S.K.: 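Have a look at this one.
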Amino acid sequence: MSQKYYAVKIGRCPGIYLSWDNCRLQVEGFPGAQYRSFSRLDDAGAYLTQTEADAPAAGDSSLMEAWVDGSFDAGTGVYSYAVVIWCDGKETLLAKRIENAEMAAMRNVAGEITGAVRAMKVALAAGVEELVIYHDYEGIEKWCTGAWRTNREGTRAYKAFYDRICDRLKIRFVKIKSHTGDPNNERADRLAKGVLGLPGGEELPADEA
């Protein structure tokens, strides 16, 4: 795999980093963070010194990150998904309630699957090279990779979608333990609850709804 260079323009410690993990420490949870990944060191350096007027058009970043989660209302049988997306230093929030009895049998996992698919579609539309999906249910990765059997229609459809697009988009799955303080994971959880009106939920901001 070729070397990636991660340029942090606005973050805890601006500069160029050689790994996403080190870059992430500088930007995750930092208000107004701006960063991009590059395949050439000189391009990363140019990004750090360019003025706003010289900045490239939005949407040409090669890396997108998405934190996905789902929720379920046992009283109504309705589930939801939420996605927190970071790309080119900009945040996008997505959340939606869904009524589908067959999928709802998987409860909140149905929402996490739907959120992962939504993230993939957003990444494809944006034309990014790589999507990192942060998830807390291990099946989100294992159904796609074939490590788990797809015994339900919903999981079969999920893997089929992944198989159709994985040659056009590099997708990296990162499992994180839920409720351990990851700010984007926690927010996805609150947003998924919020669209169902569940306790502890957070409403989408007016400009995202």
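The figures here come from the full heavy-atom set of this structure, side chains too, leaving out hydrogens, waters and symmetry mates. Quantities reported herein were computed from a predicted structural model and do not represent experimental measurements.
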S.K.: Can you measure from NZ (K175) to NZ (K142) and round to the nearest 0.5 angstrom?
M.R.: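 Atom-to-atom, K175:NZ and K142:NZ are 9.0 Å apart.
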
S.K.: Using every non-hydrogen atom in the two residues, find where A66 and V83 come nearest and quote the distance to one decimal.
M.R.: CB-CG1, 3.9 Å

S.K.: If you define the side chain from C-beta out and look only at heavy atoms, does anything of E112 sit under 4.5 Å from D136?
M.R.: yes

S.K.: Please report the interatomic distance CD1(I165) to CE(M120), rounded to the nearest 0.5 Å.
M.R.: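 It comes to 5.5 Å.
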
S.K.: Pick from L191, T92, N185: which one makes a side-chain contact (heavy atoms from CB on, under 4.5 Å) with V84?
M.R.: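 Exactly one option meets the side-chain contact (heavy atoms from CB on, under 4.5 Å) with V84, and it is L191.
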
S.K.: With rounding to the nearest 0.5 angstrom, report the CG to CG distance, L124 to L169.
M.R.: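 Rounded to the nearest 0.5 Å, the CG-CG separation comes out at 5.0 Å.
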
S.K.: With sequence neighbours excluded, what pairs up with R12 under the salt bridge (charged side-chain N to carboxylate O under 4.0 Å, His left out) test?
M.R.: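 R12: no salt bridge (charged side-chain N to carboxylate O under 4.0 Å, His left out) contacts found.
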
S.K.: Quick one: list whatever passes salt bridge (charged side-chain N to carboxylate O under 4.0 Å, His left out) with R187, sequence neighbours left out.
M.R.: E91, E202

S.K.: Okay, side chain of Q34, backbone of I10: is any donor-acceptor separation there less than 3.5 Å?
M.R.: no

S.K.: To the nearest 0.5 angstrom, please state how far the NZ atom of K159 sits from the CH2 atom of W148.
M.R.: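 Those atoms lie 14.0 Å apart.
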
S.K.: Group every Ile, Leu, Val, Met, Phe, Trp and Tyr by side-chain heavy-atom contacts under 4.5 Å, then state whether Y79 and V195 land in the same group.
M.R.: no

S.K.: Contact between Y6 and N22 at the side-chain level, heavy atoms closer than 4.5 Å - yes or no?
M.R.: no

S.K.: Run the numbers on T114 and K96 for side chain to side chain contact (heavy atoms under 4.5 Å, CB included), then give the verdict.
M.R.: CA-CA 10 Å; T114 307; K96 186 177 181 180; over 6 Å; no

S.K.: Is a side-chain donor or acceptor of K9 paired with a backbone partner of Y47 at a separation under 3.5 angstrom?
M.R.: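 Confirmed, K9 side chain pairs with Y47 backbone.
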
S.K.: Answer yes if V78 and V117 sit in the same cluster of Ile, Leu, Val, Met, Phe, Trp and Tyr residues linked by side chain heavy atoms under 4.5 Å apart, and no otherwise.
M.R.: no

S.K.: Side-chain contact test, heavy atoms from C-beta onward, threshold under 4.5 Å: evaluate it for V8 versus C23 and give yes or no.
M.R.: yes

S.K.: Where is the tightest heavy-atom contact between G201 and K193, given as atom of each residue plus distance?
M.R.: CA-CB, 3.7 Å

S.K.: So which atom in A116 and which in Y158 form the shortest heavy-atom distance, rounded to 0.1 Å?
M.R.: CB-OH, 3.7 Å

S.K.: Of all heavy-atom pairs between I140 and F173, which one has the smallest distance, and what is that distance?
M.R.: O-CE2, 3.5 Å

S.K.: Quick one: do Y17 and F30 end up in the same hydrophobic cluster if we chain Ile, Leu, Val, Met, Phe, Trp and Tyr together by side-chain heavy atoms under 4.5 Å apart?
M.R.: no

S.K.: So which heavy atom on W67 is nearest to which on I176, and how close?
M.R.: CD1-CD1, 4.0 Å

S.K.: With a 3.5 Å distance limit and no angle check, can you tell me whether S80 reaches the backbone of A192 through a side-chain donor-acceptor pair?
M.R.: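 Present.
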
S.K.: So do the side chains of T155 and M106 get within less than 4.5 Å of each other, counting heavy atoms only?
M.R.: yes

S.K.: Just checking K121: does its NZ atom have more than 12 heavy atoms from other residues, nucleotides or ligands closer to it than 6.0 angstrom?
M.R.: no

S.K.: Atom CH2 in W20, atom CD in E65: separation rounded to 0.5 Å?
M.R.: 3.0 Å

S.K.: I'd like to know whether CD of E138 has more than 12 heavy-atom contacts from other residues, nucleotides or ligands below 6.0 angstrom.
M.R.: yes

S.K.: For the side chain of R156 and the backbone of N151, is there at least one donor-acceptor N/O pair under 3.5 Å apart?
M.R.: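 A pair under 3.5 Å: yes.
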
S.K.: If we only count heavy atoms from C-beta on, is the R118 to L94 side-chain gap below 4.5 Å?
M.R.: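 Yes, their side chains come closer than 4.5 Å.
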
S.K.: Hey, could you give me the NZ/OH distance between K90 and Y35, rounded to the nearest 0.5 Å?
M.R.: 10.5 Å

S.K.: Which class fits the ring pair Y137 and W143: parallel under 30°, tilted 30 to 60°, perpendicular over 60°?
M.R.: tilted

S.K.: So, for S71 and L198, which heavy atoms are closest and what is the spacing to 0.1 Å?
M.R.: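 Smallest heavy-atom distance, with atoms named: OG-CD1, 3.4 Å.
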
S.K.: For a 4.5 angstrom cut-off between non-hydrogen side-chain atoms, does Y5 reach R40?
M.R.: no

S.K.: Does a side-chain heavy-atom distance below 4.5 Å link F72 with L196?
M.R.: no

S.K.: Are the side chains of N184 and Y134 in contact, using a 4.5 Å heavy-atom criterion?
M.R.: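 No. Closest side-chain heavy atoms not under 4.5 Å.
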
